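Values in this document were obtained by computation on a predicted structure and should not be read as measured data.
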Amino acid sequence: IINMWVHSIKIGVSRSKFVWWNPLRWISALIRLFTGKYNHAFFLVNDKIVIEADSEGVNETLFNKKWKKGQEIRVYSLDFAFNISDMYQLLYAQIGKGYDFKGTLLDQLWFSIRKYFWRIFDGKKPRWTGHSKDFATKKFYCSELVVYIIKQENKNLFVNWEQYNPNDI
């Protein structure tokens with residue numbers, strides 16, 4: 001698929017408001033508790049279309065339907081050279097893949113908790129005990145998708161791309 005209309009690809013991070021009756025917001029709150037301010041990462045294409053991995057899998061949504069006015073969002077331009085057509089093709093090819101609940105709830109959360117406490121007590125980064133890179137390309141959680149796509153375009157960035165959370169981006 002070559003889409004000549006794609007003229008910009010940016011990345012963004014967001015912070016969901018906690019709503020006690022929505023269990024998915026509990027996950028967001030846990031992510032923020034141990035990783036930092038933001039709990040979600042996504043791509044923004046042409047400042048209108050969001051491509052992201054969320055609880056429904058990798059999908060695309062119009063920006064103005066995804067976020068309501070007043071929600072905290074940061075959008076960043078990519079500051080390295082990349083082929084926009086190649087990146088978009090790779091990104092679009094991920095649409096329809098499933099969401100990596102295990103990676104979010106077990107692997108990434110456990111790693112983040114350990115990283116949080118190890119930083120306080122001895123300053124060492126804990127060893128990754130989550131899934132492999134091969135498994136990580138079958139299903140994605142949000143930051144894993146963003147970092148994987150960027151890694152394909154710039155091999156020098158994000159060496160262990162399956163270990164990043166939205167605040168690492």
Side-chain angles (χ1 to χ4, degrees), residues 1-19 21-105 107-109 112 133 135-154 157-158 161-169:
I1 305 167
I2 296 178
N3 290 288
M4 300 309 284
W5 62 270
V6 176
H7 60 80
S8 76
I9 297 178
K10 299 175 183 173
I11 58 171
V13 290
S14 67
R15 177 183 171 97
S16 300
K17 292 182 179 178
F18 180 72
V19 182
W21 63 85
N22 184 342
L24 290 176
R25 296 299 169 103
W26 299 354
I27 295 167
S28 300
L30 280 173
I31 292 168
R32 280 196 313 272
L33 178 65
F34 291 104
T35 65
K37 187 173 183 174
Y38 299 102
N39 61 281
H40 189 60
F42 58 92
F43 280 99
L44 184 59
V45 178
N46 290 347
D47 296 325
K48 294 179 185 172
I49 299 170
V50 173
I51 299 180
E52 64 184 341
D54 65 11
S55 62
E56 297 174 13
V58 180
N59 58 68
E60 64 181 335
T61 311
L62 289 174
F63 183 83
N64 60 358
K65 290 190 182 217
K66 178 70 181 177
W67 283 285
K68 306 297 182 224
K69 193 173 187 172
Q71 282 186 276
E72 190 169 346
I73 297 166
R74 290 214 166 179
V75 176
Y76 303 95
S77 296
L78 300 173
D79 64 352
F80 61 89
F82 64 95
N83 182 309
I84 198 165
S85 181
D86 290 349
M87 183 181 266
Y88 181 75
Q89 284 181 314
L90 180 61
L91 181 56
Y92 203 80
Q94 308 313 309
I95 292 177
K97 289 187 177 182
Y99 185 73
D100 185 5
F101 283 100
K102 178 190 173 290
T104 302
L105 296 174
D107 302 334
Q108 184 57 249
L109 188 57
S112 295
K133 288 181 170 105
F135 176 83
T137 60
K138 295 180 176 117
K139 293 181 178 182
F140 292 99
Y141 52 85
C142 64
S143 54
E144 195 174 49
L145 173 68
V146 170
V147 175
Y148 170 73
I149 298 296
I150 291 172
K151 175 73 176 164
Q152 302 312 302
E153 284 296 311
N154 188 325
L157 295 174
F158 303 117
W161 59 267
E162 75 285 2
Q163 299 178 22
Y164 286 83
N165 69 61
N167 294 282
D168 295 330
I169 300 171

Under the side-chain contact (heavy atoms from CB on, under 4.5 Å) test, residues paired with Asn83 that sit two or more places apart: Ser85, Asp86, Glu153
Heavy-atom pair of closest approach, residues [X] and [Y]:
{"X": "Ile95", "Y": "Asn59", "answer": "CG2-CA, 4.3 Å"}
{"X": "Ala53", "Y": "Tyr99", "answer": "O-CE1, 3.7 Å"}
{"X": "Gln94", "Y": "Val58", "answer": "O-CB, 3.2 Å"}
{"X": "Lys10", "Y": "Ser77", "answer": "CE-OG, 4.0 Å"}
{"X": "Ser143", "Y": "Ala41", "answer": "CA-CB, 4.0 Å"}
{"X": "Tyr92", "Y": "Glu60", "answer": "OH-OE2, 3.3 Å"}

Can you tell me how far apart [atom1] ([X]) and [atom2] ([Y]) are? Round to the nearest 0.5 Å.
{"X": "Ile149", "Y": "Leu78", "atom1": "CD1", "atom2": "CG", "answer": "11.5 Å"}
{"X": "Asp47", "Y": "Phe63", "atom1": "CG", "atom2": "CZ", "answer": "8.5 Å"}
{"X": "Ile150", "Y": "Leu157", "atom1": "CD1", "atom2": "CG", "answer": "7.5 Å"}
{"X": "Ile51", "Y": "Leu145", "atom1": "CD1", "atom2": "CG", "answer": "8.5 Å"}

Not counting sequence neighbours, which residues clear salt bridge (Lys or Arg N to Asp or Glu O under 4.0 Å) with Lys97? List them please. none
Going by salt bridge (Lys or Arg N to Asp or Glu O under 4.0 Å), name the residues that satisfy it together with Lys66, two or more places apart in sequence or in a different chain. Glu52, Asp54
How would you list, by chain and number, every residue that makes a ring pair (Phe, Tyr, Trp, His ring centres under 6.0 Å) with [X], sequence neighbours excluded?
{"X": "Phe82", "answer": "Phe80"}
{"X": "Tyr148", "answer": "Phe140, Trp161"}
{"X": "Phe43", "answer": "none"}

Below 4.5 Å, heavy atoms only, C-beta onward: do Phe158 and Val146 meet side chain to side chain? no
Just so I know, are the side chains of Leu44 and Val50 near enough to count as touching, which here means a heavy-atom distance under 4.5 Å? yes
